[in-house]
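Just so it is clear, the values below take in all heavy atoms, side chains as well, and ignore hydrogens, waters and symmetry mates. Quick note on labels: first sequence line is chain A, next is B, and so on, each numbered from 1.
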There are 2 protein chains.
Amino acid sequence: MPKTIHAPEARRDELVAAAYREIATSGFEGLRTREVAGAVGVNVATLHYYFPTKEDLIRAVVGYAMSRFQSTLAQQGTAMERLRGHFRGLRRLAHEEPELFRVMAELMIRSSRDQKLAEIIRKLNEYWHSTLRSLLRGAKEERALPKDVDPDGMSAVIVATLKGVYLLPERFGPPEALDKALRQLEHTIGLR
Amino acid sequence: MPKTIHAPEARRDELVAAAYREIATSGFEGLRTREVAGAVGVNVATLHYYFPTKEDLIRAVVGYAMSRFQSTLAQQGTAMERLRGHFRGLRRLAHEEPELFRVMAELMIRSSRDQKLAEIIRKLNEYWHSTLRSLLRGAKEERALPKDVDPDGMSAVIVATLKGVYLLPERFGPPEALDKALRQLEHTIGLR
DNA sequence: CTCCTAATCAATCAGATGATTGAATCACGA
DNA sequence: TCGTGATTCAATCATCTGATTGATTAGGAG
């Protein structure tokens, strides 16, 4: 009894979005297929029609979350402009979609127990590292960066700091530490 | 039928340690009271004799994990020596008790859904920040740190980077990124 | 109209899971 | 030796949870 005619894939997407929200608020610890189905207003069996197992649903959520990060590494301007754009993009994303970072944190932790997920995260990290590295190299050629900065090491610091700042924030009290850390980091690499 | 005479609290400690190991390997997602009791070779009811609820057990694990961090902020020498000692202590801890960092990561994530846990983590962070801040100030007075380093901002960067490096590591491939990031960070604050 | 397929639901299953109960068992002091 | 309190266990409960089954409905093809 399909109550409404959906565009193809619409129901599927609804389920993924609901699972994503559930993970953001309750973590994998609290992810229940019934809750997800209920949030969409659909029977559990319908969920299993689209995703044979819970794992299949989780995989779809992973893809959904990953796709949301592509935007923060903009593709134009000088290396310095692109570095600034990256920091700005992350700030915006953290402001507009805080759930995304909660879900990413859950995924990172889970990757130590899920081989396939680990591989996906590893590739994302690698891409992130290499992009930052070449941006830092470019910034050095533009003479916008101190000579004693090693692009390799500094890209590792930036990635680690951004992870620490965005994925393991201090949830109570004002987000002072986040701003302080970002400001100092940007100062260290000459963005301010 | 107590098979062995235990020193008081021994059974209790065994259970906490088992739960700690279980969290390290399976996360909260996979924490089961039966498993914990089984690992100690004891009936589930015995676990509930010591810990009325699963939450009580988790709280005990939190205390156990926290207590393991006190050692890395040694209390003697110049500010620079103590800073080096802190970095060295963390490296040693990560080498000797890698589970500790997996458990800490789980706790940090969970703190966004557990008010009491959040309060505990907040205090730990505060202590960490303020200790680093005063060490950095001391290092500046010892003229071992560049003048343009802001102790407040830099302590935030250090905390965030260490969190990123130790709590959200890239689990596959050699731990290159960890070393690179630490080296660069130490270089930035003049420890190398 | 008839038949087929996609989509959906109510009902149910089997196993897991946190917790409780009541009965043992042991050490120790009176 | 007897009683008492601290521990422990086997058995059981109630509920949760991922998954399956069989029936039902709507829309489109022939």
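Along DNA chain D, the nucleotide nearest A:Asn43 and the nucleotide nearest A:Arg32 are compared for position; the residue whose nucleotide lies closer to the 5' end is A:Arg32.
Atom pair B:Leu47:CG and D:dA6:P shows a separation of 19 Å (rounding to whole Å applied). The nearest whole Å value for the distance from the CD atom in A:Glu55 to the P atom in D:dT17 is 17 Å. If you measure from atom CD of A:Glu22 to atom P of D:dG18, you get 11 Å, rounded to the nearest angstrom. As a whole-Å value, the separation of A:Arg12 CZ from C:dT8 P is 12 Å. Rounded to an integer number of Å, the gap from CD of B:Glu29 to C1' of C:dG18 is 18 Å. In this structure, the NZ atom of A:Lys54 is 15 Å from the P atom of D:dT20, given to the nearest Å. As rounded to whole Å, 11 Å separates atom C1' of C:dG15 from atom CZ of B:Arg34.
Partner of B:Arg68 under the salt bridge (Lys or Arg N to Asp or Glu O under 4.0 Å) criterion, chosen from B:Glu97, B:Glu99, B:Glu96: B:Glu97.
Side-chain N/O atoms of B:Thr33 include none lying less than 4.0 angstrom from OP1 or OP2 on C:dT17. In terms of phosphate contacts, B:Tyr50 brings no side-chain nitrogen or oxygen within less than 4.0 Å of OP1 or OP2 of D:dA6. Phosphate contact (OP1/OP2 of C:dA7, side-chain N/O of A:Tyr49, threshold under 4.0 Å): present. For D:dA6, neither phosphate oxygen OP1 nor OP2 lies less than 4.0 angstrom from any side-chain nitrogen or oxygen of B:Arg11.
As judged by a 4.0 angstrom heavy-atom cut-off over every strand, A:Leu31 is placed among residues touching the sugar-phosphate backbone only. Across all strands, B:Phe51 comes closer than 4.0 Å to no nucleic acid atom at all (heavy-atom distances). Residue contacts for A:Leu57: at a heavy-atom cut-off of 4.0 Å it reaches no nucleic acid atom on any strand shown.
Proximity note for B:His48 (side chain, C-beta onward) versus C:dC9, D:dA19, C:dA19: the nearest is C:dA19. For B:Val42, the side-chain atoms get nearest to D:dC9 when compared with the rest of C:dT17, C:dT8, D:dC9. Among the nucleotides D:dT20, C:dA7, D:dT8, the one closest to any side-chain atom of B:Thr46 is D:dT8.
Here the NE2 atom belonging to A:His86 is positioned 8.0 Å from the OG1 atom belonging to A:Thr131, to the nearest 0.5 angstrom.
Judged by the 6.0 Å distance and 45° axis criteria, B:Arg110 is positioned over the aromatic ring of B:Phe28.
Salt bridge present: A:Arg59 and A:Asp114 bring a charged side-chain N and a carboxylate O closer than 4.0 Å.
Taking the C1' atoms of five terminal pairs at each end of the helix from C:dC1-D:dG30 to C:dA30-D:dT1, the two resulting helix axes are inclined by 10°, rounded to 10°.
In terms of modelled atom types and a separation under 3.5 Å, the side chain of A:Arg84 and the main chain of A:Leu191 share a donor-acceptor contact.
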Q. Checking side-chain hydrogen bond (donor to acceptor under 3.5 Å, both in side chains) for the pair B:Asn43/B:Thr46: CA distance, chi angles, key distance, verdict?
A. CA-CA 5 Å; B:Asn43 190 280; B:Thr46 300; 5.2 Å; no
Q | Audit row: B:Phe69, B:Phe101, ring pair (Phe, Tyr, Trp, His ring centres under 6.0 Å) steps and yes/no | A | CA-CA 10 Å; B:Phe69 270 103; B:Phe101 293 85; 5.8 Å; yes
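Residues B:Asp56 and B:Thr53 have side chains that bring a donor and an acceptor to within less than 3.5 angstrom of each other.
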